[in-house]
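The structure appears right after this line, and notes come after that.
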Number of protein chains: 2
Amino acid sequence: MQSGFTRQQASALTGLSCRQLDYWRKTGLVIPQQQTAGGHSRYGFIDLVVLRAARRLLDADISLQRIRKCLQSLARFLPASKHPLAELSLVVTGDVVLVFHGERAFDALTGQEWVFPIAELAAEVEKLQQPPPQQGELFTAEKHPGVRA
Amino acid sequence: MQSGFTRQQASALTGLSCRQLDYWRKTGLVIPQQQTAGGHSRYGFIDLVVLRAARRLLDADISLQRIRKCLQSLARFLPASKHPLAELSLVVTGDVVLVFHGERAFDALTGQEWVFPIAELAAEVEKLQQPPPQQGELFTAEKHPGVRA
DNA sequence: AAACGACAAAAAAGGGATTTCTTGTCATTT
DNA sequence: AAATGACAAGAAATCCCTTTTTTGTCGTTT
């Protein structure tokens, strides 16, 4: 019984070239969890998940350099447990990769979180309409929107 | 009884300068929903929500030009109804603004959607571990279409 | 007040050249 | 096979300079 995937197997299973796996290992992007006595690579389950994630990011035209940073933060989540995976999602857009963990969204690169609900803004504004019942002609406001372009 | 906020009120309520409101109006970023007979601006409820959203984006170091594009897509959601607001969220990161509507995430700029769950990847990999109980040698064929350009 | 116009400083976007990073391919070694 | 090393093409990032946007401040006008 084997304890991991060889470079070639990992390549076949992820669609990445051996050259890439080598380079990625050498540069620390994805280092196989195990090694044979002779010093040969043996990729583990998590490795494959990460490799496939990287593959998809590449397909989405995310540069390797950006992926490097992304995987770092992704690595912070993966080790956790098995459940989190189900709650984990990646959102990839033109320029950014976000890691979603439940309700929260983190920039996979900076790790910063920046989410805010529109409803919150609406609530704030709404609150401003009622309170100031002052100079009988200033505030009184209207309710309805007629949105602009 | 009036129907809207004056420039100065809007300024006070959003923290934006009158100069900005003027410029934004002139350049079409946020055009007051109404006008007085004399041609003076009267900002409406939605205007304030949009202005405050813009304000927060500015605070997050999103450039005005980017905000211009963001608000365009935001405008596509706001007009909808009243409920959506509660489900709407903005995620702002270094480079991108995403509009979240329920489960979906849209790039506020391009409108493209690109989300994928990690669990999915894990499931795929997991499926690959069980089936191949073959000749103790190695995998024969590759599953993947192969290489990208 | 609010709108306008003008001038200037600050911020952001663009463009082009240069440098660094990735990946393929091939040969050699373990 | 897998790991290494080397050469080269292509992709991406970085830097620097120029152009465009934004915003503040002043004066005038409505």
For B:Arg7 and for A:Leu64, find the nucleotide of DNA chain C with the closest heavy atom, then tell me which residue's nucleotide is more 5'. B:Arg7
Both A:Thr27 and B:His40 contact DNA chain C. Which one's nearest nucleotide lies toward the 5' end? B:His40
Under 4.0 Å between a side-chain N/O of [X] and OP1 or OP2 of [N], yes or no?
{"X": "A:Arg25", "N": "D:dA3", "value": "yes"}
{"X": "B:Gln65", "N": "D:dT21", "value": "no"}
{"X": "A:Ser63", "N": "C:dC21", "value": "no"}
{"X": "B:Thr6", "N": "C:dA1", "value": "no"}
{"X": "B:Tyr23", "N": "D:dT23", "value": "no"}
{"X": "A:Arg68", "N": "C:dT22", "value": "yes"}
{"X": "B:Trp24", "N": "D:dT22", "value": "no"}

Any idea which heavy atoms bring B:Arg56 and A:Glu124 closest together, and the distance? NH1-OE2, 4.4 Å
Grab the two heavy atoms, one from A:Arg68 and one from A:Thr27, that are nearest each other, plus how far apart they are. NH2-OG1, 2.9 Å
Main-chain N/O of B:Thr14 paired to B:Arg55 side chain as donor or acceptor, under 3.5 Å: yes
Side chain A:Asp47, main chain A:Gly44, donor-acceptor under 3.5 Å: yes
Starting at atom [atom1] of [X], determine the distance to atom [atom2] of [N], rounded to an integer number of angstrom.
{"X": "B:Leu29", "N": "D:dT21", "atom1": "CG", "atom2": "C1'", "result": "12 Å"}
{"X": "A:Leu21", "N": "D:dT4", "atom1": "CG", "atom2": "C1'", "result": "16 Å"}
{"X": "B:Phe5", "N": "C:dA2", "atom1": "CZ", "atom2": "P", "result": "14 Å"}
{"X": "B:Leu58", "N": "D:dT23", "atom1": "CG", "atom2": "P", "result": "6 Å"}
{"X": "A:Gln20", "N": "C:dG24", "atom1": "CD", "atom2": "C1'", "result": "10 Å"}
{"X": "B:Lys26", "N": "D:dT20", "atom1": "NZ", "atom2": "P", "result": "16 Å"}
{"X": "B:Arg55", "N": "D:dT22", "atom1": "CZ", "atom2": "P", "result": "17 Å"}
{"X": "A:Leu16", "N": "C:dG24", "atom1": "CG", "atom2": "P", "result": "9 Å"}

Which part of the nucleic acid, if any, lies within contact of A:Asp22, taking any heavy atom under 4.0 Å across all strands shown: a base, the sugar-phosphate backbone alone, or nothing? base
Can you tell which of B:Gln8, B:Gln34, B:Arg25 makes a side chain to side chain contact (heavy atoms under 4.5 Å, CB included) with B:Ser41? B:Arg25
Regarding C:dT22, can its base be found pairing with the side chain of A:Arg19 as donor and acceptor, where the two atoms are less than 3.5 Å apart? no
